[in-house]
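We name chains A, B, ... by the order of the sequence lines, and we start the count at 1 in each one.
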Amino acid sequence: MRPVVHRGGIVVFASIIGALALSIMPLPDALVAWRPEWATMTVIYWCMATPMRFGVITSWMTGLMLDALRSGLLGQQALALALIGYIALKLHRRVRVFPLWQQSGTVFILVMLQQFLQIWIDGFSGHTEPMSRYLLPTISSALLWPVVFTILRYLRRSLHVH
Amino acid sequence: MNPLFIRGPSANLRLFILVIVSITLMVLDERQQYMQPVRATLTVATYPVRYLIDLPSSTGNWLSETFTSRRHLMLENEALHQEHLEFKAREQKLAALEVENARLRALLGSTAKVQEHTIIAELVALDMSPFSRQIVLNKGGLHGIYEGQAMIDAQGIMGQIIHVSPLQSTAILITDPKHTLPVEVNRNGLRSIASGTGESNRLILDQLPNNADILQGDLLVTSGLGGRFPAGYPVARVTEVIRNHDLPFAHVSAEPLAAIESSREVLLIARPNRPATESKASPPEKSGEK
């Protein structure tokens, strides 16, 4: 049996750096509340597309980087992303064949799960934020999923990432 | 050949371990000082991402600086010269005043105010999440920045440093809802606490009784109590005082004097006699209910 050859790690890495950059990019005031969870979407994509190599640990590390970039407790996003990576891994065979709008639904639920965890942890650590802070990113993430999916799939295919 | 299935138990086990690790991290991070080195390391590791974000604007600045016309530069130079002269003249007066002030203080038998030393830092990132007002500065532990250091701009107090990594530091602004600072009314020395609201142009003083002597237009300056901020720096101007006698406290709003949303360069005040051990790593928590 020939060893499994992984290719295109640099593409995965670059997409994650890009997603992290988008997550802290300054936005006009009107759009800030709508900022989608770019990192979460990227993690979901790579977990579903390359489940052999992108798993819980990579998701967790992405979350940890996000924690370092945002304010909030260290480990907060890491926990959420590890959980989302895990669920995406479990579901990847089913969700991969869904039409795009159904995938958007799945993304909606996963991002909502992440936001619930944030509400919970924020509540524990004693700072509360208005509910729209959690709801709007969920909506915008689901709406933008087809775009993210198409771009990442194009990158994966044209650059031969397995 | 690829294995057909992912090994199930391994993913479960990994998730379990990572959840435990995350929860440990969060609990330790609540008591901030334990996680400081980890956070500092991670901040250094994510420096490229911040750099990437800052790249377009810094490139833009560089381009416009490089291609400014000679005429424009000459005009600017002239204007700066004039300004410089003006400031020179004012400074001479200031020196005299400072000496006079020191002499008067000596006469009064009070301790002389220590001259504070400042470090200029530039803002590299901001707005990490919409309802917390924090910014990242390009100076860190290597430049002598320490936690709790006061940050000002040309007009007034802006905030204080809360995290320090070797090359960068994070500061909390006075408008952050979690931030409070001790102030006094410049006119009569009335002491109070100014809390952030999350809005960029409003602080509130919610612990003043209805009969407190505070008026619209009063200047609030730092009182120096609490040991974080040096005394006597301007903070805000009172914009609104609502006295409702049904409520125990007056409702006082103030507008920060510092250009909180638009300052790109800030000054960090280094105090020669900084406390060796910080009593609390976190900014003072809000005590009153809104």
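Note that CE of Met25(A) and CZ of Arg50(B) are 15.0 Å apart. Values are rounded to the nearest 0.5 Å. Note that CD1 of Ile23(B) and CG of Leu73(A) are 12.0 Å apart. Values are rounded to the nearest 0.5 Å. If you take CG on Asp29(B) and CD on Gln76(A), they are separated by 9.5 Å, rounding to the nearest 0.5 Å.
Residues Leu42(B) and Leu69(A) fail the side-chain proximity criterion, which asks for heavy atoms closer than 4.5 Å. Side-chain contact check for Asn12(B) versus Lys90(A): some heavy-atom pair is nearer than 4.5 Å. With contacts defined as side-chain heavy-atom distances shorter than 4.5 Å, the pair Val21(B)/Trp60(A) qualifies.
Contact annotation for Ile53(B): only side-chain heavy atoms (C-beta onward) come within less than 4.5 Å of a heavy atom of chain A. Only the side chain of Leu52(B) comes within contact range of chain A, judged by heavy atoms closer than 4.5 Å. If you measure heavy-atom distances from Ile121(A) to chain B, the contacts under 4.5 Å come from the side chain alone.
Counting heavy atoms of neighbouring residues, nucleotides and ligands inside a 6.0 Å radius, atom CZ of Phe108(A) exceeds 12 of them. No more than 12 heavy atoms of other residues, nucleotides or ligands sit less than 6.0 Å from atom CZ of Phe16(B). Within a 6.0 Å sphere centred on CZ of Arg94(A), other residues, nucleotides and ligands contribute 12 heavy atoms or fewer. Counting non-hydrogen atoms of other residues, nucleotides and ligands closer than 6.0 Å to CD1 of Ile120(B) gives a total of 12 or fewer.
The two residues Arg39(B) and Arg70(A) come nearest to each other via the heavy atoms NH1-O, 4.3 Å. For Leu20(A) against Val49(B), the heavy-atom pair with the smallest separation is C-CG1, 3.9 Å. Gly75(A) and Ser22(B) make their closest contact through O-CB, 3.7 Å (heavy atoms, listed as atom of the first residue, atom of the second, distance).
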- Task: Give the intermediate values and the outcome of side chain to side chain contact (heavy atoms under 4.5 Å, CB included) for residues Leu83(A) and Leu18(B).
- Result: CA-CA 9 Å; Leu83(A) 201 62; Leu18(B) 290 179; over 6 Å; no

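Contacts with chain B were tallied for Leu79(A), Leu74(A), Val56(A); Leu74(A) has the most, counting heavy-atom pairs under 4.5 Å.
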